[in-house]
Enquirer: 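I'd like to ask some things about the structure below.
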Number of protein chains: 2
Amino acid sequence: MRATIYDVAREAGVSIATVSHVINGKGKISRERREEILDIMKRLNYRPNAIASALAGKRTFTLGLLVPDISNPFFAEIARSVEDQGHQLGYSVIICSTDNQEEKVKRYVNLLRQKQVDGVIIGTGISHGELLKPLQEHSLAIALIARDNPALDASSVRVHDLEGGRLAAEHLLHLGHRRLAVLAENERVTSSSDRVRGFVEAAASHGLVLPPGCIAACDHKIEDGYRRAKAMLELAVRPTALFCCNDLLAIGALRAARELGLRVPEECSVVSFDDTILASVTDPPLTVIAQPIEQMGRMAVDLVVRGLSGKGDPARRIVLPPELIVRQSTALPPA
Amino acid sequence: MRATIYDVAREAGVSIATVSHVINGKGKISRERREEILDIMKRLNYRPNAIASALAGKRTFTLGLLVPDISNPFFAEIARSVEDQGHQLGYSVIICSTDNQEEKVKRYVNLLRQKQVDGVIIGTGISHGELLKPLQEHSLAIALIARDNPALDASSVRVHDLEGGRLAAEHLLHLGHRRLAVLAENERVTSSSDRVRGFVEAAASHGLVLPPGCIAACDHKIEDGYRRAKAMLELAVRPTALFCCNDLLAIGALRAARELGLRVPEECSVVSFDDTILASVTDPPLTVIAQPIEQMGRMAVDLVVRGLSGKGDPARRIVLPPELIVRQSTALPPA
DNA sequence: CTGAAAGCGCTTACAG
DNA sequence: CTGAAAGCGCTTACAG
């Protein structure tokens with residue numbers, strides 16, 4: 001059997017209260033006693049039982065991470081960052097892939113509640129405002145990552161999507177592109193629609209109006225990006241540049257161009273969004289509006305952990321600047 | 001405050017033992033009583049506290065997943081599969097990215113022990129036999145995934161690496177390649193060295209001896225694959241085909257070929273191993289020896305969970321067949 | 001079929 | 001500076 005607090009107390013000839021105090025660095029314990037107890041703990045290879053500790057009133061030091069799909073590189077990278085910062089602060093993280101399905105969100109939320117996690121970081125679809133309410137009601141600390149939900153009084157950290165869309169447009173505009181098209185996500189995804197809006201606004205400010213047919217709403221997968229891009233590139237007057245709202249869609253676009261025999265970037269430029277590992281692995285490597293993934297993960301953890309000690313601090317909404325990374329998928333439009 | 005078992009007991013006019021029984025489907029409770037109690041639980045939105053339940057002797061229904069890096073697509077895909085099967089069986093999973101660093105492994109192992117997880121699935125480097133011993137001593141169920149460690153009496157599920165190497169060689173040999181080279185991982189990684197061995201053996205059985213200079217040990221990253229592939233492809237008599245022990249290395253090889261102006265597959269064939277999302281996203285898409293990632297994740301969970309109920313069943317070592325997926329990175333050698 | 005009671009391994013006022 | 005005691009929310013023999 002594993003050693004318990006009783007074992008070390010007996011061994012040291014003190015009460016378990018005293019042992020508990022040295023574990024938690026509380027109360028005043030004489031120097032020698034403390035060191036003696038520390039020694040005994042080491043000798044017995046004693047580790048406080050986190051379950052018991054949590055039940056007795058301390059935190060569980062566990063966080064939940066809700067994402068659509070951990071195998072999606074974007075969320076895998078988010079997860080890594082969340083994990084690292086969590087670990088740094090003493091928290092472990094439970095992964096919850098929801099596939100953006102209401103049913104799964106519900107199940108996971110219940111589970112996290114039962115497991116008494118201290119907080120949850122939410123990177124999953126946001127149509128679930130209702131489902132998240134229960135979390136807040138039970139005064140669970142929550143933070144949204146890579147998205148925001150005005151209806152929720154919750155902290156969040158995300159990239160400035162509007163600005164990102166603008167950056168993409170300006171890059172293409174400066175290269176001289178005039179026939180632009182957009183591969184967007186589902187329009188209910190606000191981060192995507194913000195990107196599109198930024199893109200459209202920037203184009204407008206250069207006197208360019210994007211006809212609605214130039215904006216395709218796609219599912220979040222390569223195949224759909226491929227399909228929609230292909231349709232656009234087969235048009236009589238085809239766009240010379242495509243703005244894709246995430247790396248998966250951009251890969252689909254690349255594939256469509258290749259299949260149609262269009263060289264990228266010579267005959268068709270592509271700007272992506274996110275900058276996961278995928279963006280640097282394609283041929284050509286993707287020019288992309290990068291999200292500060294690592295930083296967002298770190299800050300999201302800080303937000304929920306801060307919310308924990310929180311004397312009810314108001315929600316903080318952090319918006320980080322996007323960055324244009326020029327690689328090789330963009331160039332001057334064909335003459 | 002959240003409702004407790006006392007609240008529903010009081011409300012129902014029964015003892016908490018009875019409530020506990022209906023929660024766990026134990027003992028005989030009269031039909032009406034059960035339903036009444038169920039109703040009350042629903043009305044109070046009662047969820048048993050998993051922490052208390054675990055302390056009182058039940059499982060924590062939590063699994064640890066040790067991997068080198070969750071942001072590596074291979075492990076992200078493993079994680080997804082583990083998560084799904086775990087969730088199916090009522091378990092949540094805590095992610096632990098160790099970067100194959102002994103220090104981090106140690107910290108995570110201690111953490112998992114303190115959190116009293118029921119089992120841990122290990123996909124991380126295996127030089128850590130020593131570090132894993134403590135897990136077993138505390139009779140934690142463990143299962144290795146995508147690797148095995150003969151020194152450990154533990155269940156495992158992996159692909160038949162030797163056979164995979166063989167498949168790769170035979171594919172290239174049948175195409176007519178004779179000048180072969182290999183991008184391997186660190187030779188201490190047994191899965192990689194098995195792949196290389198299979199490859200070399202198959203070549204030998206076709207009367208081909210690979211000179212040692214044709215096998216490069218690489219770090220597990222794109223840059224290193226790139227560097228080593230480049231060196232090989234710059235040789236006076238360069239290989240006409242490269243076998244890469246994982247997708248990251250293959251991507252590096254693709255990049256090197258591109259930079260040297262060598263067309264893949266016309267001038268240089270590339271066979272990869274793993275078949276993560278990366279393999280289907282490159283240009284050209286990679287011919288690859290696929291690991292049954294989804295299946296391995298599922299079986300690993302089954303192995304640890306079975307080990308839990310286990311009346312000390314002996315360790316099971318499952319070896320799954322690899323599959324050759326021919327995409328567009330391989331062709332006949334240049335004339 | 002149901003309940004009283006002990007116990008899981010801790011923490012935390014409180015008293016001294 | 002240290003300890004006795006109550007309590008966290010459950011489960012599980014055991015008794016009836």
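Order of the sequence lines sets the chain letters (A, B, ...), proteins ahead of strands, with each chain counted from 1.
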Enquirer: Measure CG/B:Leu55 against P/C:dA6 and give the value in whole Å, please.
Expert: 17 Å
Enquirer: For B:Asp7 and D:dC10, what is the distance between atoms CG and P respectively, to the nearest whole Å?
Expert: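 Rounded to the whole Å, the gap is 9 Å.
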Enquirer: Could you tell me whether the side chains of B:Asp274 and B:Thr276 share a donor-acceptor contact shorter than 3.5 Å?
Expert: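 On atom types as modelled, these side chains do not qualify, holding no pair under 3.5 Å.
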Enquirer: Give the rounded distance in Å between these two atoms: CD of A:Glu36 and C1' of D:dT2.
Expert: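 It works out to 14 Å between those atoms.
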Enquirer: Count the heavy atoms of every other residue, nucleotide or ligand shown that sit under 6.0 Å from NZ of A:Lys221, and state whether that count exceeds 12.
Expert: no
Enquirer: Would you say a side-chain N or O of B:Arg33 is under 4.0 Å from OP1 or OP2 of C:dT2?
Expert: yes
Enquirer: Looking only at the side chains, is there a donor atom on one of A:Asn100 and A:Thr124 sitting less than 3.5 Å from an acceptor on the other?
Expert: yes
Enquirer: Grab the CD1-P distance between B:Ile37 and C:dC1 for me, whole Å please.
Expert: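 Nearest whole value for this atom pair: 14 Å.
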Enquirer: Would you tell me if any nitrogen or oxygen in the side chain of A:Thr4 comes within less than 4.0 Å of OP1 or OP2 on C:dG9?
Expert: no
Enquirer: In which ranges does DNA chain C form stems of 3 or more consecutive Watson-Crick or G-U pairs, distances under 3.5 Å?
Expert: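 The stems that DNA chain C takes part in, listed by first number, are C:1-3 with D:14-16, C:5-12 with D:5-12, C:14-16 with D:1-3.
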Enquirer: What integer distance in Å separates A:Gln116:CD from D:dC8:P?
Expert: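 Rounded to whole Å, this separation is 13 Å.
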Enquirer: Provide, to the nearest angstrom, the distance between the CD atom belonging to B:Gln114 and the P atom belonging to C:dG9.
Expert: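 Distance, rounded to whole Å: 15 Å.
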Enquirer: For B:Ala52, what residues pass the side chain to side chain contact (heavy atoms under 4.5 Å, CB included) criterion, not counting sequence neighbours?
Expert: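 B:Ala52 satisfies side chain to side chain contact (heavy atoms under 4.5 Å, CB included) with A:Leu55, B:Asn49 only.
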Enquirer: Give the rounded distance in Å between these two atoms: CG of A:Asn49 and P of C:dC8.
Expert: 12 Å
Enquirer: A:Phe61: which residues meet the ring-ring contact (aromatic ring centres under 6.0 Å, His included) condition with it, sequence neighbours left out?
Expert: A:Tyr91
Enquirer: Going by the rule side-chain hydrogen bond (donor to acceptor under 3.5 Å, both in side chains), which residues pair with A:Asp84 if we only count those two or more places apart in sequence or in a different chain?
Expert: A:Arg80
Enquirer: Could you walk me through whether B:Lys42 and B:Asp39 pass salt bridge (charged side-chain N to carboxylate O under 4.0 Å, His left out), step by step?
Expert: CA-CA 5 Å; B:Lys42 182 165 289 177; B:Asp39 273 356; over 6 Å; no
Enquirer: Across nucleotides 11-16 of chain D, 5' to 3', mark each nucleotide with B, S or - according to how protein heavy atoms within less than 4.0 Å reach it.
Expert: BB----
Enquirer: Side chains of B:Ser92 and A:Lys115 only: does a donor on one sit below 3.5 Å from an acceptor on the other?
Expert: yes
Enquirer: For A:Tyr108, which residues count as a ring-ring contact (aromatic ring centres under 6.0 Å, His included) partner, sequence neighbours excluded?
Expert: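 A:Tyr108 satisfies ring-ring contact (aromatic ring centres under 6.0 Å, His included) with B:His87 only.
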